[in-house]
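Please read the structure below before turning to the comments.
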Amino acid sequence: MHSWTSPSLSPLPPSGRPLRLHDTRTGRIAPVTPLTPGTARLYVCGITPYDSTHLGHAATYHAADLMRRALADSGLAVEMAQNVTDVDDPLLERADRDGVDWQELAASQVDLFAQDMEALRIIAPETYRSVSEAMEDIIAVVLALHERGRAYPVDAPDAAGPDWYLDLSVDGALGDVSGWSEEQMLEVFADRGGDPDRAGKRGRIDPLLWRAEREGEPAWDAGVLGRGRPGWHVECVCIAEQGIGLPFDIQAGGSDLIFPHHDLSAAHSVALGRPFAAAYAHSGMVAHEGEKMSKSLGNLVFVHRLVRDGVDPMVIRLVLMAHHYRSDWEWSDQELEQARDRLDRYRLAARRGGSSPSTVEVLRSALRDDLDTARALEALDAWAEGAAPSKDGVAGTGGTGTGAGDVPAAVDALFGVTLEG
Ligand code: 5CA
Ligand code: ZN
């Protein structure tokens with residue numbers, strides 16, 4: 001699937017210092033040491049394309065973008081994969097409700113998402129695949145799980161054949177990412193696409209692996225499992241395997257995916273006999289009007305609407321940078337104003353020129369310190385005030401330069417914010 005055009009990149013000469021990143025699984029911040037020396041492999045869970053990109057999505061892809069920029073700055077090559085969940089209940093339900101073809105709905109939203117990502121200067125993933133594109137490979141994974149004795153049928157009275165579930169009891173790998181108890185899992189499972197009370201399931205958390213064809217739903221042929229469509233979690237295992245190989249270094253996404261999605265993706269992978277991600281990085285939830293921004297609640301702030309209303313996408317990036325990627329926060333117009341003011345000041349300072357190696361050093365060390373963007377903004381505020389440490393000399397002298405102290409070049413390479421314009 002065509003992704004989007006990456007911004008032009010001019011990386012700084014690598015620092016050679018590793019990115020230190022928080023890992024949900026261990027609860028600790030640790031240096032990223034790639035499984036394949038020299039190359040970091042990152043997977044970020046993509047959108048379900050039934051509504052436009054909102055600020056919550058933007059925050060999650062911004063965080064993943066910073067991860068890859070930080071990994072590149074440490075001297076690693078980066079390979080990234082991302083999926084598009086274009087076959088799933090909420091998308092099919094929305095298409096049905098609006099009387100549109102599900103593929104057309106998905107294509108139009110994927111297109112809008114690409115425009116938003118481009119406007120925000122998010123680096124495009126090397127592998128970008130939708131479920132419908134990857135269907136043949138996904139079916140092969142589902143069949144492999146069946147052959148390994150991990151799938152079991154559950155009677156589906158409204159279909160010609162059974163639905164198939166993954167038996168989690170075989171490997172005992174549940175909860176490896178979240179560390180949650182079954183009780184905690186059950187609190188949210190039903191709200192997050194699970195069906196704990198379905199009759200015939202062996203375990204309440206067992207995930208749907210293959211759903212038998214229902215009238216009016218798209219379906220594909222999966223041999224002995226019958227016609228139908230895959231459950232949610234298997235797609236990310238398959239698309240990650242194909243794109244960057246298993247196991248890989250970092251699985252990223254919003255914290256709403258810790259459980260069930262990342263726990264259960266990892267469980268599928270273990271059931272295939274393959275370890276999944278070495279570390280898990282989760283971004284916080286963005287709220288609006290007091291609640292998590294979500295398509296189902298409808299309290300959304302859309303990126304494309306802000307851009308259409310004349311908001312510079314770099315202002316949006318600066319709002320995102322004002323919050324640590326792991327914290328939950330609430331979008332407000334006031335912050336938009338503050339970020340607008342910031343961008344003006346930064347652009348003015350960039351025009352004034354002047355080299356500040358110490359500012360660049362703070363920017364780099366803040367980024368590699370678990371993406372500490374707030375600290376980077378503090379350093380940039382001081383730089384824009386002309387208060388960079390005296391050893392850098394007086395702002396306004398020395399021209400813009402392309403040397404080690406070129407702050408606008410560093411802001412672009414490390415944080416994706418261009419100060420041109
Ligand atoms: N397609 C699946 C992942 S395989 C999915 O969760 N799609 S999504 O469209 O619902 O979300 C896309 C990404 O945005 C996910 O990583 C999700 O964790 C993140 N996300 C969704 N809502 C928010 C929010 N309010 N704040 C931050 N991130 C969010
Ligand atoms: Zn996913």
Side-chain angles (χ1 to χ4, degrees), residues 1 24 42-65 67 80-92 94 105-106 109-110 112-113 116-117 120 122 125 127-132 134 138 177 188 191-194 207 230-241 243-244 248 250-269 276-277 280-303 316 319-320 323-331:
M1 171 173 270
T24 305
L42 175 64
Y43 185 91
V44 63
C45 282
I47 54 160
T48 306
Y50 69 93
D51 219 332
S52 310
T53 321
H54 60 65
L55 252 301
H57 302 129
T60 285
Y61 299 113
H62 173 252
D65 190 56
M67 284 171 214
M80 191 162 166
Q82 183 169 339
N83 66 310
V84 174
T85 308
D86 66 347
V87 178
D88 201 12
D89 294 342
L91 173 98
L92 299 173
R94 176 65 65 92
L105 172 64
Q109 295 310 318
V110 164
L112 275 180
F113 178 65
D116 289 348
M117 293 297 101
L120 290 170
I122 305 284
T127 296
Y128 190 56
R129 286 198 96 191
S130 69
V131 173
S132 59
I138 294 173
V177 180
V188 302
D191 281 342
R192 297 184 182 177
W232 173 21
H233 316 291
V234 69
E235 71 192 58
C236 289
V237 178
C238 176
I239 293 170
E241 174 168 40
I244 54 176
F248 57 92
I250 305 164
Q251 160 90 317
S255 60
D256 58 336
L257 299 186
I258 297 173
F259 180 84
H261 184 50
H262 288 175
D263 256 338
L264 294 179
S265 304
H268 279 71
S269 190
F276 198 51
Y280 291 82
H282 290 107
S283 40
M285 288 292 111
V286 182
H288 185 51
E289 295 166 346
E291 298 233 47
K292 173 195 153 182
M293 223 180 261
S294 85
K295 292 174 221 179
S296 45
L297 290 174
N299 55 340
L300 305 176
V301 177
F302 293 116
V303 175
I316 301 175
V319 174
L320 300 174
H323 300 273
H324 191 264
Y325 78 98
R326 281 195 281 121
S327 59
D328 296 335
W329 56 282
E330 178 142 4
W331 174 265

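Index from 1, following the sequence. As the structure lists them, so they are numbered: ligands from 1, and atoms in each ligand from 1.
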Ligand 1 polar-atom proximity to protein (N/O, under 3.5 Å):
{"from": "ligand 1", "atom 1": "1 (N)", "to": "G46", "atom 2": "O", "distance (Å)": "2.8"}
{"from": "ligand 1", "atom 1": "1 (N)", "to": "T48", "atom 2": "OG1", "distance (Å)": "2.9"}
{"from": "ligand 1", "atom 1": "1 (N)", "to": "T85", "atom 2": "OG1", "distance (Å)": "2.7"}
{"from": "ligand 1", "atom 1": "7 (N)", "to": "G46", "atom 2": "O", "distance (Å)": "3.3"}
{"from": "ligand 1", "atom 1": "7 (N)", "to": "T48", "atom 2": "N", "distance (Å)": "3.4"}
{"from": "ligand 1", "atom 1": "7 (N)", "to": "T48", "atom 2": "OG1", "distance (Å)": "3.1"}
{"from": "ligand 1", "atom 1": "9 (O)", "to": "T48", "atom 2": "N", "distance (Å)": "3.0"}
{"from": "ligand 1", "atom 1": "9 (O)", "to": "H57", "atom 2": "NE2", "distance (Å)": "3.4"}
{"from": "ligand 1", "atom 1": "9 (O)", "to": "K295", "atom 2": "NZ", "distance (Å)": "2.9"}
{"from": "ligand 1", "atom 1": "16 (O)", "to": "G254", "atom 2": "N", "distance (Å)": "3.2"}
{"from": "ligand 1", "atom 1": "18 (O)", "to": "G254", "atom 2": "N", "distance (Å)": "2.9"}
{"from": "ligand 1", "atom 1": "18 (O)", "to": "D256", "atom 2": "OD1", "distance (Å)": "2.5"}
{"from": "ligand 1", "atom 1": "25 (N)", "to": "V286", "atom 2": "O", "distance (Å)": "3.1"}
{"from": "ligand 1", "atom 1": "25 (N)", "to": "M293", "atom 2": "O", "distance (Å)": "2.9"}
{"from": "ligand 1", "atom 1": "26 (N)", "to": "V286", "atom 2": "N", "distance (Å)": "2.9"}
{"from": "ligand 1", "atom 1": "28 (N)", "to": "G56", "atom 2": "O", "distance (Å)": "3.0"}
{"from": "ligand 1", "atom 1": "28 (N)", "to": "T60", "atom 2": "OG1", "distance (Å)": "2.8"}

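- Using a distance-only test at 3.5 Å, with no hydrogens or angles considered, a donor-acceptor pair links the side chain of S283 to the main chain of G253.
- Contact annotation: the side chain of V110 never approaches that of S130 to less than 4.5 Å [non-hydrogen atoms, C-beta and beyond].
- Taking the six-membered ring for Trp, H288 and H54 have ring centres at least 6.0 Å apart.
- In this view, E330 and A287 satisfy the side chain to side chain contact (heavy atoms under 4.5 Å, CB included) rule, not counting sequence neighbours.
- With hydrogens and angles disregarded, no donor-acceptor distance shorter than 3.5 Å links the side chain of D328 to the backbone of G284.
- Legend: residues meeting side chain to side chain contact (heavy atoms under 4.5 Å, CB included) with A240, ordered by chain and number and at least two apart, are Y43, L246, F248, F276.
- Atoms of the protein (N, O or S only) found under 2.8 Å from the Zn ion (ligand 2) are C45 SG, C236 SG, H261 NE2.
- Judged by distance alone, the side chain of N299 and the main-chain N or O of S294 form a donor-acceptor pair under 3.5 Å.
- There is a side-chain donor-acceptor pair under 3.5 Å between N83 and E235.
- The side-chain heavy atoms of T48 and W232, taken from C-beta on, include no pair separated by under 4.5 Å.
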